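Whatever order the structure lists ligands and atoms in, that order sets their numbers, starting from 1. Since the structure is predicted, the reported quantities are computational estimates derived from the model, not experimental observations.
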Amino acid sequence: MKFTLLMIVMLIASSFVYSQKTNEDALNKKVNELLAKMTLEEKIGQMTQVDLDAIKKTPKDIAKYAIGSLLCGGDTEVPDITAKGWADTYEKYQNIALKSRLAIPILWGIDAVHGHNNVDGATIFPHNIGLGATRNPQLVEKIAAITAKEIKGTGIQWDFAPCVAVALNERWGRTYESFGEDPELVKNLGVAYVKGMQTKDLSNKNAVLASVKHFIGDGGTTNGIDQGNTEIDEAALRKIHLPGYIETIKAGAKNIMITFNSWNGEKVHGHKYLITDLLKGELGFKGFVVSDWAGIDQLDKDYKTAIEKSINAGMDMAMIPFGPDRANNYLQFITYLIELVNEGKVSMNRIDDAVQRILKVKFEMNLWENYKVDRKLTKEVGSAEHREVARDAVRQSLVLLKNDNNILPLSKQLKRIHVTGKSADDIGNQCGGWTIIWQSKSGNVISGGTTVLQAVKNTVSKGTKVTSSLDGTGAEGADVCLVVVGETPYAEMFGDREDLSLAKEDVEAIEKASASGVPVVVLLISGRPMIVENELRKSNAFIAAWLPGTEGQGIADVLFGDFKPTGKLPHSWPKNMKQIPINIGDANYDPLFPFGFGLTY
Ligand code: BGC
Ligand code: BGC
């Protein structure tokens, strides 16, 4: 009896393996048939990814050079930034691509790193640091699936996310793009993100290709310098920075973005051991790798030499942001790479390998059918249903650091609540970098959403008066004063800091509130832990809210006790700058708050 059962199980398992293998064979056959029809120029076209800004004056080049991919960087301009406008732009350029001789659809990539953040009216979720605080992979999977739908609503099929950086130094301007300082946490949430983004099967209509980035070591640079040097031995590199890649590849990741940083002085964009031996060889990665923004250019002053080095290291696709008016543009890339092949400096095998990888992913995505915009999804961008999930994510991301005398939760029946601080009524500050524009900005940068002040007003009883100011003044006589302060938007190297103390106006706002004699609740909106020992002393309660995005209502849900705080610190919280870098597992670990800390009520 047991024996027959075992036999049946084995039979099913082997037929599964068999059918997987036949699928794989069929796929490879399609890829090779197409490859056989391609000229060298067309192959190199597939390896070329051009920023829309660089090609919009010469759109016919997309068909002429059979360009394989377009991207829109953080500042790339499209005529209409609503979902419909993006979908129209997408269609226009995709239709040009389909006029190329072999009519291979383009893959279009974008940085939807906290929702589809280049689109006005999109749902903006907390940045990854806040998702790290939720410790909730199911939630992250849901967020990624919604983000994928909003992306597909604009036709785009490729997201430059998740970032699986393990951010070890809070000075780093990209700390908020990381889920946290713990490789295990990063790995789990990275896997959840890939699953949600790509769905069960990449060929599904709503699936979007994830790009796991930035391989490898981006969060470990010395002094947290963006694009800097990660100075650690191989054992540490593998232990800290590799798990996110191992597990997302197992979960089906088919694209990986190479990092700007160096490993012990050698730029990863030209690192054959890391890209070819480790990633493609040892880890068995079967998808394709893409360079970062003009990342190849950094390998050598001579662009042709740089291309040779990177392609031979295993780079499959080059991200090229500049147009014909800049030195290192797509036409030069194509010309030089053709020359390099003809000169025998890059082998035809290497080119074929790169193109096979890219085409295989395009076939796996069923791009020849799925390139069309689903206009039903266009209408769902920023829907109430999507925002509800973002609001839930905000609730779960809040970390309560202090709550003296259980001043929180607040009663909805108080006579007067004073809300103050520069970020109390500021959707731009709430969202942080990578919102509509690359660096983003304070103020009304995006339509839709709820600021903290609006959320408080929405929540309290009719009889409660809500007063407000920007600078900490005016709290006298109120029942409680909520001070909302923190960082203003930045992205990448523009966020690198040597000092993470609060800005002068924030310190003063907290001081004024505290001098009013009214109980003070501080809400910190920031992309990372900051130096707040003094401000903690001056407050009765203190919440780290990270960069929550558009759905500020989730903050009021927790402040007024409709939901309990459950968030846990994704970083060790330093007492002062001298302690940075401070990470869980350090010898003499003595942070202000340890990794995982978070109160509740
Ligand atoms: C960033 C990437 C991003 C790319 C495209 C680069 O500067 O490092 O994270 O995906 O630009 O915008
Ligand atoms: C682009 C970003 C890119 C950055 C790289 C910006 O101009 O908009 O997408 O990541 O440059 O330095």
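- In this structure, W438 does not count as a contact residue of ligand 1, since none of its heavy atoms falls inside 4.0 Å of the ligand.
- Near W293, meaning under 4.0 Å from any of its heavy atoms, are these atoms of ligand 1: 6 (C), 7 (O), 11 (O).
- Taking every heavy atom of K213 and a limit of under 4.0 angstrom, the matching atoms of ligand 1 come to 2 (C), 3 (C), 9 (O), 10 (O).
- Among residues two or more places apart in sequence or in another chain, the side chain to side chain contact (heavy atoms under 4.5 Å, CB included) test is passed with N444 by I427.
- Taking a cutoff of 4.0 Å between a charged side-chain nitrogen and a carboxylate oxygen, E234 and R238 qualify as a salt bridge.
- Atoms of ligand 1 lying under 4.0 Å from at least one heavy atom of H214, given by number and element, are 2 (C), 8 (O), 9 (O).
- Contact annotation: E177 has no heavy atom less than 4.0 Å from any atom of ligand 1.
- Taking the six-membered ring where the residue is Trp, F494 and W438 present perpendicular rings, their angle passing 60° and hence far from 30°.
- For the side-chain hydrogen bond (donor to acceptor under 3.5 Å, both in side chains) with Y193, the qualifying choice from D159, N188, N128, T248 is D159, the only one to do so.
- Proximity to D292 (heavy-atom distance under 4.0 Å) selects the following atoms of ligand 1: 1 (C), 2 (C), 3 (C), 4 (C), 6 (C), 7 (O), 8 (O), 11 (O).
- Polar contact check, R174 against ligand 1: a nitrogen or oxygen pair lies under 3.5 Å apart.
- Below 4.0 Å from some heavy atom of F160 lie the following atoms of ligand 1, by number and element: 10 (O).
- F322 contributes atom CZ, which lies 9.0 Å from atom CG of D51 (distance to the nearest 0.5 angstrom).
- R171 has no carboxylate O lying under 4.0 Å from a charged side-chain N of E498, or vice versa, which leaves the two without a salt bridge.
- Ring planes of Y336 and Y303: perpendicular class, angle over 60° (limits at 30 and 60°).
- At under 3.5 Å, a nitrogen or oxygen of D111, whether backbone or side chain, sits near a nitrogen or oxygen of ligand 1.
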